[in-house]
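Heads up: the structure comes next, in structure tokens.
Remember, predicted model here, so these are calculated numbers, not experimental data. Sequence lines set the chain letters: A, B, ... in the order given, protein chains first and strands last, and positions in each chain run from 1.
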2 protein chains.
Amino acid sequence: MLTIGKLAARAHVTPDTLRYYEREGLIEPPEKSAAGYRLYGDDDVVRLHFIRQAQDCGFTLAEIRTLLSLRSREAACCGEVRALAVAKNRQLAARIKAMRAMTRTLDRLIAACDDTGRPIDRCPILSAFNGTPR
Amino acid sequence: MLTIGKLAARAHVTPDTLRYYEREGLIEPPEKSAAGYRLYGDDDVVRLHFIRQAQDCGFTLAEIRTLLSLRSREAACCGEVRALAVAKNRQLAARIKAMRAMTRTLDRLIAACDDTGRPIDRCPILSAFNGTPR
DNA sequence: GTGCACCCTGGAGCGGGCTCCAGGGTCAAG
DNA sequence: CTTGACCCTGGAGCCCGCTCCAGGGTGCAC
């Protein structure tokens, strides 16, 4: 049996985060001691690890809640999980694409602005930002 | 002279956004009519275009405020702007790298989970999320 | 028996970029 | 002269994932 601080240390999060996850329905309210202390078991360590891994794949806490509910629903099938993963991957791809467009623009501007001593009113970067509205 | 609604339409934003920008110091409080209506000039259209372009390069409004202040400071030199662009580019690169790691992981999991009819307790994706804590 | 680290609850705050609301005033067309 | 579209201010709310706080109780070592 782990108190919240011990579990938090094991999961590399803070007790505040665990109480937050509980409020958000990501972890079950655990058994409590006579004094009202939360007492966790080893399966909670696993569950927190699951949450972390899913976060590392870009899932939001709301999405992770869905994944967790699928996991504990007998009738669920693997395809539902897969579909969520595919959707997330598409979302990530779109965001990466947008960010790559930004870096390409910046690369171009930085290259144009090689002479660092130029006065500000002739800075190619600032002129580009002012440039003609589409 | 443009009222806030006209300027907003021209800049493809809402009046609320313009008032927000004013509060945040991104645009100057404009001249006001007798009735207290904001009256903008053409330079405000340019300034808003600048803000939009900078946003499209990934700069936050706070950073854009800095860019704008550099732009209107005589003593500023082009190198300061360039440094901000380089820093932003590095930040973007780091974020892209993190997101690419996510998509690679998801690609792997999705590939492992080809049989969509599998019962949930043998889903390779969920097992991976449960998998051994590092 | 006292000090200190831990635990509890409830609620607020943050960053970022808006968005929306109430409760008013103003302007122009018909 | 009325209607409807616009404008004003101030402040609250939203999403997301925490983080921190006040004001209390508990557990254990010295």
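- At least one side-chain heavy atom of L67(B) sits less than 4.5 Å from a side-chain heavy atom of F129(A).
- There is a side-chain donor-acceptor pair under 3.5 Å between R71(A) and N130(B).
- Between Y40(B) and T3(B) there is no side-chain heavy-atom pair separated by less than 4.5 Å.
- Remark: side-chain polar atoms of K88(B) are paired, donor with acceptor, to backbone N or O of G58(B) under 3.5 angstrom.
- Nucleic acid contact for E63(A): none, since no nucleic acid atom lies under 4.0 Å from a heavy atom of the residue.
- Side-chain N/O atoms of Q55(A) include none lying less than 4.0 angstrom from OP1 or OP2 on dC16(D).
- First and last contacting nucleotides of DNA chain C toward chain A (any atom under 4.0 angstrom from a heavy atom, 5' to 3' order): dC6(C) to dT9(C).
- Using a 4.5 Å cut-off on side-chain heavy atoms (C-beta onward), R90(B) and R95(B) make no contact.
- Annotation: side chain to side chain donor-acceptor pair (under 3.5 Å) contacts of T60(A) (sequence neighbours excluded): E63(A).
- Using a 4.5 Å heavy-atom threshold, the side chains of L26(B) and Y20(B) count as separate.
- Closest heavy-atom contact between F59(A) and L84(A): CE2-O, 3.8 Å.
- Across the protein-nucleic acid pair, K6(A) atom NZ and dT26(D) atom C1' stand 14 Å apart, rounded to whole Å.
- Protein atom CZ of R52(A) is 13 Å distant from nucleotide atom P of dG17(D), rounded to whole Å.
- Listed by residue number, R23(B), A35(B), Y37(B) are the residues of residues 22-40 of chain B with a heavy-atom contact under 4.0 Å to DNA chain C.
- In this model, no donor atom of one side chain and acceptor atom of the other lie less than 3.5 Å apart for S69(A) and T66(A).
- Residue I51(A) contributes atom CD1, which lies 14 Å from atom C1' of dC18(D) at whole-angstrom precision.
- Taking atom CD1 of I4(A) as the reference point, atom C1' of dC18(D) lies 14 Å away to the nearest angstrom.
- Between the OH atom of Y20(A) and the P atom of dC16(D) there is a distance of 9 Å, rounded to whole Å.
- Atom CG in L2(B) sits about 15 Å away from atom P in dC6(D), given to the nearest Å.
- At the phosphate of dC16(D), neither OP1 nor OP2 sits under 4.0 Å from any side-chain N or O atom of T60(A).
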